[in-house]
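Just so you know, residue 1 is the first one in the sequence shown, and it goes up from there. Quick note: numbers below take in every heavy atom, side chains included, and nothing from hydrogens, waters or symmetry partners.
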Amino acid sequence: MAGLSALAFDNRFTRELPADPITGSARRQIRGALYSRVSPTPVVAPELLAYAIEVAELIGLSERDCASDAFAQVFSGNRVLADMDPHATCYGGHQFGNWAGQLGDGRAINLGEVIGPDGRQTLQLKGAGPTPYARTADGLAVLRSSVREFLCSEAMHHLGVPTTRALSLALTGERVVRDILYDGHPAPEPGAVVCRVAPSFTRFGHFQMLAARGEADLLRAFFDYTVAADFPHLLDGRSADDAKLPLAWFTEVCERTAAMVAHWMRVGFVHGVMNTDNMSVLGLTIDYGPYGWLEDYDPNWTPNTTDAAGRRYRFAHQPAIAQWNLLQLANAIYPLVGEAPPLEQALKDFEVSYMAHWRAMMSAKLGFASLTEADTPLLDELDAVLQLTETDMTLFYRALVDLSPDQLDQDPLGDGAGPVDRLMHAYYRPDEVAGERRERIDAWLRAYLMRTRQEGRPADERRVAMNAVNPKYVLRNYLAQLAIDKAEAGDPSLIHELQDVLRRPYTEQSGKDQFAEKRPEWARTRVGCSQLSCSS
């Protein structure tokens with residue numbers, strides 16, 4: 001166990017912030033503290049299914065370390081290293097727009113903070129047993145949700161989306177009962193634990209809980225800690241008691257959040273449960289629960305069965321929800337700022353920042369150097385055209401690079417085909433691309449090619465640039481479900497293959513075309529492919 005014993009723990013969070021005086025997992029409300037010490041629950045038969053070597057290297061571990069029995073024991077929660085300080089943190093939050101009071105890490109246990117080659121990283125086990133914040137739940141997780149979290153965390157990183165990371169995925173050897181659709185049919189499933197990694201897991205809800213409890217001194221202390229630990233650059237040339245520091249911090253949180261959500265929109269990711277307790281102050285995608293990938297381009301789609309009626313967290317609404325969540329954070333830190341107008345301005349600036357990110361993102365996806373006001377009709381019509389019939393978002397954008405302005409003047413295939421014919425593989429119902437629909441799609445494509453000609457970008461340069469932002473491979477919902485099915489049958493090979501393919505999502509990979517195909521018909525209504533619940 002020498003490799004793991006060499007991990008350099010420096011548990012600043014528990015060293016500098018006040019703890020709940022009671023230890024253990026008994027459910028309770030706490031005051032005057034930010035966390036409770038609690039140990040992971042040992043499991044019967046830990047078995048490592050997968051690990052991410054890139055994340056292991058972040059904390060100073062090697063492939064050999066990851067392959068050891070000690071690794072499986074530690075990162076399943078079976079063994080606690082001497083320098084670890086396991087704890088669960090307390091936070092509140094708005095869930096589906098309603099204040100939910102104390103929430104906290106109901107099944108997440110922070111093992112401690114490691115100083116690795118690239119700085120401080122917090123190690124967190126998800127599904128390692130009950131904590132004081134588990135309420136009526138068991139604190140466990142099933143293989144189904146754990147596979148999805150492990151794969152998506154790493155897939156998002158390699159897509160260039162700000163995200164928490166996933167170090168490992170382990171089976172526990174135990175069965176966990178879950179009612180996957182909340183329809184009165186609970187069933188046992190394989191239990192699993194994921195080790196998540198991030199510089200910190202500080203959420204909007206941490207500040208909200210302190211504000212809701214009226215603990216002004218602790219709110220200030222936690223703010224000071226957060227800046228020193230996660231935003232030290234804000235202290236350059238500024239003292240810790242600078243009255244403008246809280247506003248500067250909030251402004252940066254707004255900017256990071258805008259950038260994160262723009263990346264979600266770029267790759268077609270729908271978080272599914274953007275509660276304020278699921279929002280990271282670092283602007284990282286956090287809590288991979290009922291998320292989904294937008295396959296058919298439907299701005300109103302949400303993957304979350306709990307959200308099916310109101311669609312609060314639908315794809316197109318994510319920027320607005322991010323701003324609403326930031327408003328709740330602004331309310332929480334108002335005592336630190338002392339006046340509303342600057343916070344209100346920062347929230348307005350979020351809109352400006354997001355739109356700047358969105359415009360840059362869309363210009364890149366379309367292969368343009370930048371967008372102008374004259375491009376607004378082109379963009380508006382694109383949004384409409386994508387909804388005329390079921391259109392696979394990933395395939396559509398990836399295929400645009402294969403269209404050339406030369407096709408406006410000649411028919412390189414010699415078959416009289418228009419630009420739309422070269423995108424037919426992106427449509428779920430190709431027979432619907434006819435009549436007025438076809439004419440409208442083809443008209444947009446021709447307008448796009450005219451704009452591309454005006455851009456005057458060399459074809460090779462355009463291809464490289466567009467393929468760098470329009471992925472070929474994403475973690476489609478049905479692919480994750482196929483990996484889950486095989487893993488539940490005792491075969492984790494598809495987890496490993498997907499993990500490897502998704503490391504290079506923008507690169508053509510020989511023999512991997514099956515991972516870049518649109519959703520098959522059987523997955524249209526299957527649970528886990530079209531709709532997901534928070535049950536995990």
**Study point:** Salt-bridge criterion met for E113 and R12 (N-O under 4.0 Å)
**Key:** no
Practice item. Please report the shortest heavy-atom distance between A166 and E154, naming the atom on each side. Key: N-OE2, 3.1 Å
Exercise for review: Determine whether R256 and F231 make a side-chain contact, defined as any pair of heavy atoms from C-beta on separated by less than 4.5 Å.
Suggested key: yes
Exercise for review: Supply the atom-to-atom distance M265 CE to K365 NZ, rounded to the nearest 0.5 angstrom.
Suggested key: 11.0 Å
Practice item. Spell out, as yes or no, whether a donor-acceptor pair under 3.5 Å connects the side chain of T41 to the backbone of G129. Key: no
**Study point:** Validation row: T302, N304 side chains within 4.5 angstrom (heavy atoms)
**Key:** yes
Check your understanding: Just checking, any donor-acceptor pair under 3.5 angstrom between side chains of S493 and D491?
Key -> yes
Point to revise | Rounded distance (nearest 0.5 Å) linking atom CG of L143 with atom CZ of R175 | key: 9.5 Å
Review point. Looking at M274 and A322, what are the two nearest heavy atoms and their distance?
Key: CE-N, 3.7 Å
Revision key, fill the gap. The side chain to side chain contact (heavy atoms under 4.5 Å, CB included) partners of A364 (sequence neighbours excluded) come to V469
**Study point:** Residues in ring-ring contact (aromatic ring centres under 6.0 Å, His included) contact with Y51, at least two apart in sequence or another chain
**Key:** none
Check your understanding: Looking at Y428, does the NZ or CZ of R519 lie under 6.0 angstrom from its six-membered ring centre and within 45 degrees of the ring axis?
Key -> yes
Exercise for review: May I have the step-by-step check of salt bridge (charged side-chain N to carboxylate O under 4.0 Å, His left out) for D296 and R524, ending in yes or no?
Suggested key: CA-CA 10 Å; D296 163 30; R524 179 178 293 273; over 6 Å; no
Review point. With a 3.5 Å cut-off and no angle check, do the side chains of E255 and H357 form a donor-acceptor pair?
Key: yes
**Study point:** Lys NZ or Arg CZ of R312 over W324 ring: under 6.0 Å, within 45°
**Key:** yes
Study note, to complete from the structure: Note: N325 and M279 closest approach over all heavy atoms is ND2-CG, 3.5 Å
Check your understanding: Judged by atom type as modelled, is there a donor-acceptor pair below 3.5 Å linking the side chain of T285 to the main-chain atoms of P162?
Key -> yes
Practice item. Ignoring hydrogens and angles, state whether a donor on the side chain of R203 or H206 is under 3.5 Å from an acceptor on the partner side chain. Key: no
Practice item. For the pair E54 and R503, find out whether any cationic side-chain nitrogen is under 4.0 Å from an anionic carboxylate oxygen. Key: yes
Check your understanding: Is the distance between the ring centroids of Y133 and Y91 under 6.0 Å?
Key -> no
Practice item. Would you confirm whether R135, through its side chain, and L103, through its main-chain N or O, come within 3.5 Å as a donor-acceptor pair? Key: yes
Review point. When you look at H233 and E252, which way does the side chain to side chain donor-acceptor pair (under 3.5 Å) test go after all the steps?
Key: CA-CA 11 Å; H233 56 279; E252 180 162 332; 2.8 Å; yes
Practice item. Kindly indicate whether the side chain of F201, heavy atoms from C-beta on, has any atom under 4.5 Å from the side chain of S280. Key: no
Exercise for review: Flag the pair L58 / R165 as yes when at least one side-chain heavy-atom distance between them is below 4.5 Å, and no otherwise.
Suggested key: yes
Point to revise | The single option from E189, E488, E149 passing salt bridge (charged side-chain N to carboxylate O under 4.0 Å, His left out) against R144 | key: E189
**Study point:** Least distance between heavy atoms, P40 atom then V80 atom
**Key:** CD-CG2, 4.0 Å
Review point. So, do F315 and D298 sit near enough that their side-chain heavy atoms are less than 4.5 Å apart?
Key: no
Practice item. Return yes if some donor-acceptor pair links the side-chain N/O of N11 with the main-chain N/O of D83 below 3.5 Å, else return no. Key: yes
**Study point:** Point-to-point distance, once rounded to the nearest 0.5 Å, from OG1 of T14 to CG of L34
**Key:** 11.5 Å
Practice item. Identify the two heavy atoms, one from F71 and one from S168, that lie closest to each other, and give their separation to 0.1 Å. Key: CE2-CB, 3.7 Å
**Study point:** P46 side chain near V43 side chain, heavy-atom distance below 4.5 Å
**Key:** yes
Practice item. Take Y288 and S145 through the test side chain to side chain donor-acceptor pair (under 3.5 Å) and record every step on the way to the result. Key: CA-CA 8 Å; Y288 290 96; S145 62; over 6 Å; no
Review point. For F96, does its backbone N or O pair with a side-chain atom of Y313 as donor and acceptor, under 3.5 Å?
Key: yes
Review point. Between W249 and F207, does the ring centre distance come in under 6.0 Å?
Key: yes
Check your understanding: Side chains of T202 and Y225: does their closest heavy-atom pair fall under 4.5 Å?
Key -> no
Exercise for review: Go through the side-chain N and O atoms of D485 and Q481 and say whether any donor and acceptor fall under 3.5 Å apart.
Suggested key: yes
Exercise for review: Output yes when a side-chain donor or acceptor of S36 lies under 3.5 Å from a complementary backbone atom of D20, and no otherwise.
Suggested key: no
Check your understanding: Would you call E517 and R476 a salt bridge, taking side-chain N to carboxylate O under 4.0 Å as the test?
Key -> no
**Study point:** F150 CZ to L498 CG distance, which is reported to the nearest 0.5 Å
**Key:** 11.0 Å
Review point. Would you call D85-R37 a salt bridge at under 4.0 Å N-O?
Key: yes
Practice item. Decide if the gap between the ring center of Y291 and the ring center of F269 is smaller than 6.0 angstrom. Key: yes
Practice item. State, yes or no, whether a side-chain contact exists between I484 and R148 at a heavy-atom distance under 4.5 Å. Key: yes
Review point. Is Q208 reaching over with its side chain to a backbone N or O of T276, donor-acceptor style, under 3.5 angstrom?
Key: no
Review point. Looking only at atom types and distance, does a side-chain atom of R28 sit under 3.5 Å from a main-chain N or O of I22, one as donor and one as acceptor?
Key: yes
Practice item. Indicate yes or no: does R120 engage D230 in a salt bridge with an N to O separation below 4.0 Å. Key: no
Review point. Among side-chain atoms of E295 and T394, is any donor-acceptor pair under 3.5 angstrom?
Key: no
Check your understanding: Hey, is E390 close enough to R429 for a salt bridge, meaning N to O under 4.0 Å?
Key -> yes
Exercise for review: Please report the shortest heavy-atom distance between P86 and I109, naming the atom on each side.
Suggested key: CB-CG2, 4.0 Å
Point to revise | Between T89 and D105, a side-chain donor and acceptor under 3.5 Å | key: yes
Exercise for review: Any chance you could measure K518, atom NZ, to L395, atom CG, to the nearest 0.5 Å?
Suggested key: 7.0 Å
Exercise for review: Test S68 against D65 for side chain to side chain donor-acceptor pair (under 3.5 Å), laying out the working first.
Suggested key: CA-CA 5 Å; S68 68; D65 295 327; 5.9 Å; no
Practice item. Apply the side chain to side chain contact (heavy atoms under 4.5 Å, CB included) test between R196 and each candidate in V55, D287, L123; give the one that qualifies. Key: D287
Check your understanding: Any side-chain donor-acceptor pair under 3.5 Å between T122 and N110?
Key -> no
Point to revise | Nearest-0.5 Å distance, SG of residue C152 to NE2 of residue H157 | key: 13.0 Å
Review point. Is the backbone N or O of W264 less than 3.5 Å from a side-chain atom of Q318, with the two atoms forming a donor-acceptor pair by type?
Key: no
